[in-house]
Engineer: 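Have a look at this one before I ask anything.
Hydrogens, waters and symmetry mates are skipped; everything else that's a heavy atom, side chains included, is used.
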Amino acid sequence: LSGRLTLGPQLPVFGRRVADLLSAQRPPGLLLKMSEVEDVDSAGLGELVVLYTIAGHSGCRLCLVGPSLRVLRLLETTKLSGILPHFDDALAASAWILELA
């Protein structure tokens, strides 16, 4: 991912693409690379929670990889850091997914 994960026309498009991917391929895990995401607002956080829930219902583990310090603080402030798993790198995230598969 790159750019902004904020309220706007791109947010629902992102959500639909991920939901379509989950229903079509049913992967055991999905890593959302966040290192190039500049900004996240409440709508973006809400979309991440929705996608996390959809993934869980389809047997997929969703996690965030490399979120910026700003995004990490936002997750902690909103108490979502305990709900949305996040990792510094893809290797650690992949190990977590394989551990749970």
Engineer: Can you tell me how far CD of E99 sits from CD1 of I97, rounded to the nearest 0.5 angstrom?
Structural biologist: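 CD of E99 is found 11.0 Å from CD1 of I97.
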Engineer: If the condition is salt bridge (charged side-chain N to carboxylate O under 4.0 Å, His left out), which residues does R70 pass it with, not counting sequence neighbours?
Structural biologist: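 Checked R70 against salt bridge (charged side-chain N to carboxylate O under 4.0 Å, His left out); matches are D39.
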Engineer: When the side chains of residues 81-92 are checked against the rest of the protein, which donor-acceptor pairs come out under 3.5 Å, sequence neighbours left out?
Structural biologist:
from	atom 1	to	atom 2	distance (Å)
H86	ND1	L84	O	3.1
D89	OD1	L91	N	3.1
D89	OD1	A92	N	2.7

Engineer: Does a side-chain heavy-atom distance below 4.5 Å link L5 with V71?
Structural biologist: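 Answer no - side chains too far apart.
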Engineer: Can you tell me how far the CD atom of E76 sits from the CG atom of L69, to the nearest 0.5 Å?
Structural biologist: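 Reported value, rounded in 0.5 Å steps: 8.5 Å.
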Engineer: Hey, could you give me the CZ/OG distance between R73 and S68, rounded to the nearest 0.5 Å?
Structural biologist: 9.5 Å
Engineer: Go through the structure and list residues passing side-chain contact (heavy atoms from CB on, under 4.5 Å) with T78, not counting sequence neighbours.
Structural biologist: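 For T78 the side-chain contact (heavy atoms from CB on, under 4.5 Å) partners, ignoring immediate neighbours, are L45, L74, L80.
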Engineer: When you group the ILVMFWY residues by side-chain heavy-atom contacts below 4.5 Å and let the links chain together, are L62 and M34 in the same group?
Structural biologist: yes
Engineer: Please enumerate all residues that pass side-chain contact (heavy atoms from CB on, under 4.5 Å) together with L7, with sequence neighbours excluded.
Structural biologist: D41, A43
Engineer: Output side-chain donor-acceptor pairs under 3.5 Å for residues 15-27, partner residues at least two apart or in another chain, one line each.
Structural biologist:
from	atom 1	to	atom 2	distance (Å)
S23	OG	A19	O	3.4
S23	OG	D20	O	3.1

Engineer: Mind listing the side-chain donor-acceptor pairs of residues 46-56 below 3.5 Å, one per line with the distance, residues two or more places apart or on another chain?
Structural biologist:
from	atom 1	to	atom 2	distance (Å)
T53	OG1	V49	O	2.9

Engineer: Looking only at heavy atoms, what is the nearest atom pair of L32 and F14, with distance?
Structural biologist: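 In terms of heavy atoms, the two residues are closest at CD1-CZ, 4.4 Å.
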Engineer: So R4 and V37, do their side chains get closer than 4.5 Å, heavy atoms only?
Structural biologist: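 Answer no - side chains too far apart.
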Engineer: Supply the atom-to-atom distance L30 CG to C63 SG, rounded to the nearest 0.5 angstrom.
Structural biologist: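 Atom-to-atom, L30:CG and C63:SG are 8.0 Å apart.
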Engineer: Contact between S35 and V65 at the side-chain level, heavy atoms closer than 4.5 Å - yes or no?
Structural biologist: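 Counting from C-beta outward, S35 and V65 never come under 4.5 Å.
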